[in-house]
Amino acid sequence: MAKKKLVKRGKWWFRGLKTLMQCRYKAPEFVYLEGKPFEDGSLILSNHEGTDAPMSLEMYLDKPVRMWGAHEMNSGLIKMYKYQTRVYYHEKKHWNLHLARLFCLIASPLTNLFYKGLNLISTYKDVRFFSTIKESCKAIQNKENIVVYPEDSSKGYLATLEGFYAGFMVFAESCYKKSLDIPIVVSYFRKKQKVFVFDKPIKYSHLMQKCQTKEKAIEYLLNRCNEIGAMDLSEFLPKQDDQEKSA
């Protein structure tokens with residue numbers, strides 16, 4: 001199979017940084033259950049898998065994307081260091097706190113540099129979330145794709161997701177009130193297989209007709225994400241013989 005190239009997105013130094021990171025993040029196979037890539041101006045929901053899912057999308061998906069992320073990761077080196085050590089590595093990935101602090105003395109400056117090029121949309125747990133909605137709506141109008149990782153990762157990053165936070169539904173509803181009936185695409189990244197699966201898009205209006213309430217819509221999307229994570233993809237992936245011929 002032909003080797004996937006890095007997507008040329010961002011400033012020259014950011015593209016150079018992504019080139020160096022190829023040794024850590026290998027190109028995944030992108031699978032579209034609809035048979036074709038989703039249209040731009042969509043809302044993409046994905047599991048997180050630590051840094052692997054976001055990095056796979058940023059480095060290899062040939063689509064314009066803007067990702068939501070905790071504002072601490074977009075607020076300078078000191079706040080990032082505190083967030084990475086205690087929340088990301090200690091609480092979510094269950095590292096020893098002292099080890100996390102030592103590791104982040106090296107990791108946080110590099111992560112801070114990367115996030116400066118990522119053009120992240122900051123998310124908040126207070127009234128500032130309205131600024132997240134406003135910036136995201138503008139991105140949708142510019143035919144960019146908003147990527148949200150809504151899983152409840154309080155117990156860590158699990159193979160079977162246990163819950164979705166509701167912020168993305170507030171965003172989708174806000175878009176709809178602006179006459180933007182955005183397609184919602186559920187996706188799932190299989191880290192071990194290096195496969196990123198995208199479901200058939202569903203318009204926000206169709207989702208609400210189907211589910212009636214936001215709570216039921218969120219539950220439906222969560223269940224669909226877990227279904228994609230467990231489904232047999234053999235019919236969608238190239239056979240081994242085909243991969244060897246195209247290599």
Side-chain angles (χ1 to χ4, degrees), residues 28-57 61 63 65-70 91-94 121 123 125 129 132-133 136 140 145-176 180-237:
E29 183 74 24
F30 292 115
V31 172
Y32 302 94
L33 300 184
E34 191 179 36
K36 61 180 180 180
F38 51 85
E39 63 180 281
D40 289 335
S42 295
L43 168 60
I44 315 302
L45 306 179
S46 174
N47 63 321
H48 209 294
E49 277 292 358
T51 58
D52 289 85
M55 291 302 301
S56 294
L57 291 178
L61 182 65
K63 285 274 189 182
V65 295
R66 296 286 305 281
M67 299 185 193
W68 281 15
E91 295 180 4
K92 295 183 183 294
K93 302 197 75 172
H94 309 301
I121 297 178
T123 59
K125 297 180 180 179
F129 183 65
T132 304
I133 299 298
S136 300
I140 288 290
N145 302 289
I146 297 298
V147 182
V148 179
Y149 306 94
E151 68 180 280
D152 179 357
S153 56
S154 56
K155 297 180 182 178
Y157 298 115
L158 307 176
T160 301
L161 281 59
E162 295 187 348
F164 273 178
Y165 292 116
F168 71 89
M169 284 296 290
V170 178
F171 164 58
E173 182 182 29
S174 298
C175 287
Y176 190 67
L180 297 171
D181 190 9
I182 58 175
I184 300 175
V185 183
V186 177
S187 65
Y188 192 100
F189 179 59
R190 298 188 182 184
K191 183 177 178 179
K192 291 182 179 180
Q193 294 176 281
K194 289 290 185 291
V195 177
F196 221 127
V197 188
F198 298 89
D199 199 8
K200 297 177 182 179
I202 180 171
K203 292 278 190 178
Y204 171 77
S205 61
H206 296 166
L207 175 66
M208 294 309 295
Q209 288 173 8
K210 182 183 183 71
C211 300
Q212 298 300 311
T213 68
K214 291 180 184 178
E215 291 76 17
K216 289 182 179 179
I218 292 171
E219 183 180 7
Y220 170 81
L221 296 171
L222 171 67
N223 292 337
R224 184 57 186 158
C225 187
N226 285 324
E227 287 173 3
I228 295 172
M231 71 186 300
D232 180 7
L233 298 174
S234 57
E235 65 177 292
F236 298 100
L237 295 173

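Atom CG of D199 sits about 11.5 Å away from atom CD1 of I184, to the nearest 0.5 Å. If you take CZ on F189 and SG on C225, they are separated by 13.0 Å, rounding to the nearest 0.5 Å. Taking CZ of R190 as the start and CE of M231 as the end, the distance is 7.5 Å to the nearest 0.5 Å. To the nearest 0.5 Å, atoms OG1 (T123) and CD1 (I121) are separated by 10.0 Å. Here CG of L61 is found 13.0 Å from CE of M55. Values are rounded to the nearest 0.5 Å. The CD1 atom of I202 sits 11.5 Å away from the NZ atom of K200 when rounded to the nearest 0.5 Å.
A donor atom on one side chain and an acceptor atom on the other are not found under 3.5 Å apart for T132 and W68.
Using a cutoff of 4.0 Å between basic side-chain nitrogens and carboxylate oxygens, E219 and K216 are not scored as salt-bridged.
Annotation: side chain of I44 is not in contact with side chain of V65 (no heavy-atom distance under 4.5 Å). You'll find the side chain of C175 stays beyond 4.5 Å of the side chain of Y204, heavy atoms only. A heavy-atom distance below 4.5 Å is not found between the side chains of S153 and H48.
Side-chain atoms of D232 come within 3.5 Å of backbone N or O of S234 as a donor-acceptor pair.
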